[in-house]
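All chains are named by letter (A, B, ...) in the order of the sequence lines, taking the proteins before the strands, and each is independently numbered beginning at 1.
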Number of protein chains: 2
Amino acid sequence: MILDTHIDPAKLTRATRVSNEIRDAIIAGKMRPGAKVNLDQLRDEYGVSLSPIREAISRLVADRLVEFEDKKGFRIVPLCTANLLEITRLRADFEALALKHAIAIGTLEWESKIPAAIHHMNNSTGTRQAAAHDLFHASLVRGCAMPMLRDLCLMLGNLHKRYANILNYDGAGRDMAGEHAAIAEAALARDAELGPTLLARHIERTGNDLSALFEKHAKDLK
Amino acid sequence: MILDTHIDPAKLTRATRVSNEIRDAIIAGKMRPGAKVNLDQLRDEYGVSLSPIREAISRLVADRLVEFEDKKGFRIVPLCTANLLEITRLRADFEALALKHAIAIGTLEWESKIPAAIHHMNNSTGTRQAAAHDLFHASLVRGCAMPMLRDLCLMLGNLHKRYANILNYDGAGRDMAGEHAAIAEAALARDAELGPTLLARHIERTGNDLSALFEKHAKDLK
DNA sequence: TAATGTAAAATAATCGATTAATGTCAAGCC
DNA sequence: GGCTTGACATTAATCGATTATTTTACATTA
């Protein structure tokens, strides 16, 4: 592992464990966008009581994966064009801002994780490559000393990933490795203009591709 | 009310009502930064069971007012210089971005709320003026069609407000009315350069004043 | 037929109690 | 003295059951 903060699994509560599992399931597209969340069903599925289930789901509201309304309960946030556009816009701006700061103040420790992440990406496939791609973005942002901003970048990355998973987006037609390499190179060269710009473009390209795919498949998803 | 979305109080659950009350209390500085949150005590204080109390508090984690750690419980987030700087930086950037968008796409409905908010601010005092000031910032951002960004602006505004309340900041030495008027004027003139710039400066000035006050009083708050 | 009312079913919210884990503190040991 | 150890107190996590509310299905009526 390159970036993981190792956490003793015994320290996790049921609520945390279940929350993480459900988060992954939603991002993977295994829970239908717009669907009501049935807590009783999840209780059976995960074999824990309602309290931790409720707590688990309610944490995902902050991640913008679940919506909540008093006395109506929870539902998986629906997909829509406006939402996808906002995610793209914010993610591009926020990651660019974070990278700019990282370039300004990032340590050697920060730098060294970037080529490592690139190497992982280029030498893995499938699920592992997707995870490596996440780690690449996280590694760029990691040097910036703004924890709230870092969390926001992570959150927005997850939201993009959900669209990508549901739309079966695989970056076809793009020189992904080349884009990543250029971003990494600019970051390591501490180019505070080029790095963030390339990163923003990289994200906008993903967003545009996702939007195009979404428009095409929008009817099937309704 | 200028901006309030009217909500039937009977529709609120205990968890929501208590969450809002505790949020206000933390922002008002009535709960000591860094303090452990004692759920049993809150249970007595608010006269409801642990479930809604726990849910109420846990929602404030997303607002960055409360921190949580598995099996350790909740604590009021501490004040610190780095945190204040990040809030300032992000709030300035985010509100400027939101205003830029509002200027680009805001409706007449959006425009009209701005002078109204100014008028309220200039004709009220104390708590009511503070509320009017919040509404002014909300009214600027409101025209932008990015709900996540709007929520983030609200959250960051609340975080600034907590520092301001705890540090007894009242904007002394500033021509607040003048700053607001200039921002409003640029917004209404649809100046997508000047408006966001003035707004960012306005926020940065607040942030700088808060930082100065915080450095001065940091020892008393430990 | 469309609108309205209503009883039953489903779901959400909350409670009180139990279980599990952590933090405290004083006795014993080096 | 400073450091472990273990009983005790405190707090966190979870459970199962109860209560309140909404949703659904169906019958009634204008």
Side-chain donor-acceptor distances from residues 148-155 of chain A under 3.5 Å, at least two apart:
from: R150(A); atom 1: NH1; to: R142(A); atom 2: O; distance (Å): 3.4
from: R150(A); atom 1: NH1; to: C144(A); atom 2: O; distance (Å): 2.6
from: D151(A); atom 1: OD2; to: R64(B); atom 2: NH1; distance (Å): 3.4
from: D151(A); atom 1: OD2; to: R64(B); atom 2: NH2; distance (Å): 2.8

Nucleic acid footprint by protein, nucleotides 16-22 of chain D - heavy-atom cut-off 4.0 Å, B for base, S for sugar-phosphate alone: B----SS

Beyond-backbone contact of V48(A) with I53(A), side-chain heavy atoms, under 4.5 angstrom: yes

Set of residues satisfying side-chain hydrogen bond (donor to acceptor under 3.5 Å, both in side chains) with respect to N38(A), sequence neighbours excluded: none

Polar side-chain atom of D63(B) near backbone of L65(B) as donor-acceptor pair, under 3.5 Å: no

Atom-pair distance (CD1 on I53(B); P on dT11(D)), nearest Å: 15 Å

Any R54(A) side-chain nitrogen or oxygen under 4.0 Å from OP1 or OP2 of dA12(C): no

Rounded (10°) bend between the five-pair end axes of the helix from dT1(C)-dA30(D) to dC30(C)-dG1(D): 30°

Aromatic centroids of H120(A) and H133(A) separated by under 6.0 Å: no

Aromatic centroids of F94(B) and F94(A) separated by under 6.0 Å: yes

Note, L156(A) side chain near E95(A) side chain (heavy atom, < 4.5 Å): no

Between dA13(C) (P) and E55(A) (CD): distance, integer Å: 14 Å

Length of the CD1-P vector between I57(A) and dT14(D), whole Å: 15 Å

Atom-pair distance (CZ on R43(A); P on dA12(C)), nearest Å: 12 Å

Between dA10(C) (P) and D40(A) (CG): distance, integer Å: 11 Å

Residues within residues 15-24 of chain B bordering DNA chain D, heavy-atom distance below 4.0 Å: none

Side-chain heavy atoms of P33(B) within contact of R162(B), under 4.5 Å: yes

Residue closer to the 5' end of DNA chain D, N38(B) versus V48(A) (nearest nucleotide): N38(B)

Flag side-chain contact, heavy atom, 4.5 Å: E67(B) against P78(B): yes

Value rounded to 0.5 Å, distance of OH in Y46(B) from CG in L39(B): 12.0 Å

Spacing between R75(B) atom CZ and dT11(D) atom C1', to the nearest angstrom: 13 Å

Atom-pair distance (CG on L12(A); C1' on dA12(D)), nearest Å: 15 Å

Value in whole Å for how far the P atom of dT22(C) lies from CD of E69(B): 10 Å

Distance-only donor-acceptor hits, side chain of residues 96-107 of chain B, under 3.5 Å, sequence neighbours excluded:
from: H101(B); atom 1: NE2; to: R89(A); atom 2: NH1; distance (Å): 2.7
from: T107(B); atom 1: OG1; to: E109(B); atom 2: N; distance (Å): 3.4
from: T107(B); atom 1: OG1; to: W110(B); atom 2: N; distance (Å): 3.2

